[in-house]
Protein chains: 2
Amino acid sequence: MQELEGIKSYKSFSAGDQILWRGDDLTYVASVVKGVATLSKTMEDGRIQMVGLLLPSDFIGRPDRRSIDFDVVATSDVTLCCFQRKPFERLLSTVPHVSQRLMEIALDELDAARDWMVLLGRKTAREKIATFVEMMVRRQHIAGLGLDQEPLILPLTRDEISNYLGLTLETVSRQLNALKKEGVLRFIDRRRFEVIDVEALHTASGDDSDGGVLS
Amino acid sequence: MQELEGIKSYKSFSAGDQILWRGDDLTYVASVVKGVATLSKTMEDGRIQMVGLLLPSDFIGRPDRRSIDFDVVATSDVTLCCFQRKPFERLLSTVPHVSQRLMEIALDELDAARDWMVLLGRKTAREKIATFVEMMVRRQHIAGLGLDQEPLILPLTRDEISNYLGLTLETVSRQLNALKKEGVLRFIDRRRFEVIDVEALHTASGDDSDGGVLS
DNA sequence: CGGAGCGTTGATTAACTTCAAGGGCTGTGG
DNA sequence: CCACAGCCCTTGAAGTTAATCAACGCTCCG
């Protein structure tokens, strides 16, 4: 692991910058240090579907793959910790533990993608929003954010959220406001919020039939 | 590779049999020899989303994972070529080439899952159906089927297709019949069909803005 | 003949999108 | 300091797509 130290460097991107274009050669692999980036696919007529969201600690890149088939865009100011591809692959072939870890990451992503398929294919707008908010809460708690009364963050605009959830931005806005009116969420401003009723949020996510109340 | 020969065995399942249950311990990894199996997730209230379709040559199982988070069901009579987990993992750690190949498989699945996310999140019912039919054509051509005037097969019922595409079975039926009425497809019976107008099918899939006519 | 399993078709409804207008920050320049 | 522009968000009304509800048809099989 310490060998990685020698070949790493940092790259920064401003909010809105495109980090990688679909089809780009992947000359480095990287991990997100700060900020939020999105993976998305655009259809020829302009319809967009986000296929991944990169928060700090997430990984970009794949061994033995020349290019990627989606765009990577910095949604906020982003700092990446980059490793040149060549030395990284050398490391990969000499230290078996690394390739095992990468396999785990790929399989985790696959599981996440399949859960998202259920959301996209079968959940209602309300369930999609609630699931998304729950995911934001979970990820930020893991990162040690939003603990005491500190507000949580929506790292995406309504428009970006709509592209993640397969909705329109108007529907996203309406559903977020519905959760607000019902007293499930409280908004400090457009991006910052708190969860008032954790259980109602979970029930709304559709991931549980009975609200999760077991004895 | 020849080492694998020593630890392999075959298992058969009848149409409708459940091959693996969500949460099952994975005591073996396997590859589909014959038949069709589905990977699917069921929500507590019964909504179903298929997250994968296994045709001959496809692989089940993942190294270093105890269990899976979806059901695997045989949709037709299925024969699997199975490898006991333990010896397989031993092989995996001694022959580096194998783990590399598994990584590739996982990354291919991830790419496929992301393409499916676009379909589920952004495509219309007509586009979903056309994309699905195109995929069936492609996969069967690769397998050497449906070449001269031999008909292609829909390996799933309308209901199963609807669960793959995030639609209802009625919508699947209507859209397939629409493509039939338009002269894009011809049906020999409920399962067997031919593509009359390949280009119209591709246009309907939404994967190309202008019908793919280049020069 | 009768039933089960699958598929089709029609009528109605519900959910979400689309279209349209306006509101509220935030930063900038007069 | 205020006016204004730009961006994002909200809200309402109308329009569409696909879901739902319901009935019926076909085919295989006992």
Side-chain angles (χ1 to χ4, degrees), chain A residues 14-16 36 38 43 45-49 73 75-76 119-133 153-182 185-193 204 206, chain B residues 14-16 36 38 43 45-49 73 75-76 119-133 153-182 185-193 204 206:
Chain A
S14 304
V36 178
T38 64
M43 293 173 66
D45 63 0
R47 279 174 284 176
I48 295 172
Q49 176 64 51
V73 178
T75 269
S76 65
L119 177 145
L120 292 172
R122 290 304 187 197
K123 288 192 178 181
T124 64
R126 180 183 170 84
E127 289 169 337
K128 287 177 175 181
I129 292 288
T131 304
F132 173 74
V133 172
I153 309 277
L154 286 182
L156 304 176
T157 65
R158 305 293 184 264
D159 189 47
E160 290 163 338
I161 295 171
S162 75
N163 289 329
Y164 200 16
L165 299 178
L167 297 170
T168 59
L169 70 93
E170 293 95 329
T171 300
V172 170
S173 176
R174 281 187 247 268
Q175 294 295 338
L176 282 173
N177 285 315
L179 290 174
K180 178 175 106 188
K181 273 180 203 124
E182 292 167 26
L185 303 178
R186 177 185 3 258
F187 281 88
I188 284 75
D189 60 26
R190 297 198 271 203
R191 301 206 140 219
R192 289 181 301 164
F193 71 99
Chain B
S14 304
V36 178
T38 65
M43 293 173 66
D45 62 0
R47 279 174 284 178
I48 295 172
Q49 177 64 53
V73 177
T75 268
S76 65
L119 176 144
L120 292 172
R122 290 304 186 197
K123 288 193 177 180
T124 64
R126 179 182 172 83
E127 289 169 336
K128 287 177 175 182
I129 292 289
T131 304
F132 174 74
V133 172
I153 309 276
L154 286 183
L156 304 176
T157 65
R158 305 292 184 264
D159 189 47
E160 289 164 337
I161 295 171
S162 74
N163 289 328
Y164 200 17
L165 299 178
L167 297 170
T168 59
L169 68 94
E170 293 95 330
T171 299
V172 171
S173 176
R174 281 187 247 268
Q175 295 295 338
L176 282 174
N177 285 316
L179 290 174
K180 179 176 105 187
K181 273 180 203 126
E182 293 167 26
L185 302 179
R186 178 186 2 259
F187 281 88
I188 283 76
D189 60 26
R190 297 199 272 204
R191 301 208 141 216
R192 289 181 301 163
F193 70 100

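Labels below follow one simple rule: chain letters A, B, ... track the order of the sequence lines, proteins then strands, and each chain is numbered from 1. Note that the coordinates shown come from a computational prediction; the quantities given were computed from them, not determined experimentally.
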Can you say whether a donor on the side chain of Arg190(A) sits under 3.5 Å from an acceptor on the base of dC9(D), or the other way round?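 When only heavy-atom distances are counted, Arg190(A) does not reach the base of dC9(D) through any donor-acceptor pair under 3.5 Å.
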
Tell me what [X] touches on the nucleic acid: a base, only sugar-phosphate, or nothing, going by heavy atoms under 4.0 Å.
| X | answer |
| --- | --- |
| Gly16(B) | nothing |
| Asn177(A) | sugar-phosphate |
| Leu167(A) | sugar-phosphate |
| Arg158(A) | sugar-phosphate |

Can you measure [X] atom [atom1] to [N] atom [atom2] for me and round it to whole angstrom units?
| X | N | atom1 | atom2 | value |
| --- | --- | --- | --- | --- |
| Leu169(B) | dC24(D) | CG | C1' | 15 Å |
| Arg126(A) | dA15(C) | CZ | P | 12 Å |
| Ile129(A) | dA15(C) | CD1 | C1' | 14 Å |
| Gln175(A) | dC16(C) | CD | P | 7 Å |

Are side-chain heavy atoms of Leu120(A) and Gln49(A) found at a separation under 4.5 Å?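 Yes, at least one pair of side-chain atoms sits under 4.5 Å.
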
Qualifying residues under side-chain contact (heavy atoms from CB on, under 4.5 Å), relative to Leu176(A), sequence neighbours excluded: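 Leu176(A) satisfies side-chain contact (heavy atoms from CB on, under 4.5 Å) with Ile129(A), Val133(A), Leu154(A), Arg158(A), Val172(A), Leu185(A), Phe187(A) only.
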
Nearest-nucleotide comparison on DNA chain D, the residue closer to the 5′ end among Lys123(B) and Asp159(A):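 Between the two, 5'-proximity favours Asp159(A).
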
Using heavy atoms to find the nearest nucleotide of DNA chain D for Val172(A) and Arg122(A) separately, return the residue whose nucleotide is more 5′.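 Upstream on the strand: Val172(A).
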
Treating Arg47(A) as the side-chain partner and Arg122(B) as the backbone partner, does any N or O pair qualify as donor plus acceptor under 3.5 Å?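 Looks like yes, one N/O pair under 3.5 Å.
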
Is it true that a side-chain atom of Asn177(A) and a backbone atom of Lys180(A) form a donor plus acceptor pair closer than 3.5 Å?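 No, the answer is negative, given that no donor and acceptor are paired below the 3.5 Å cut-off.
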
Between Thr75(B) and Glu160(B): side-chain donor-acceptor atoms closer than 3.5 Å: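 Looking only at side-chain atoms, Glu160(B) and Thr75(B) do form a donor-acceptor pair, the distance falling under 3.5 Å.
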
For nucleotides 18-20 of chain C, list the nitrogen or oxygen atoms of the protein found under 3.5 Å from its nitrogen or oxygen atoms, one pair per line.
unit_1: dT18(C); atom_1: O4; unit_2: Arg174(A); atom_2: NH2; d: 2.9
unit_1: dC19(C); atom_1: N4; unit_2: Glu170(A); atom_2: OE2; d: 3.1

For Ser162(B), which of Leu169(B), Ile48(B), Thr157(B) qualifies under side chain to side chain contact (heavy atoms under 4.5 Å, CB included)?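 Per the side chain to side chain contact (heavy atoms under 4.5 Å, CB included) rule, the option paired with Ser162(B) is Leu169(B), out of Leu169(B), Ile48(B), Thr157(B).
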
Comparing Thr157(B) and Ala125(A) on DNA chain C - which has the more 5′ nearest nucleotide: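 Nearer the 5' end of the strand: Thr157(B).
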
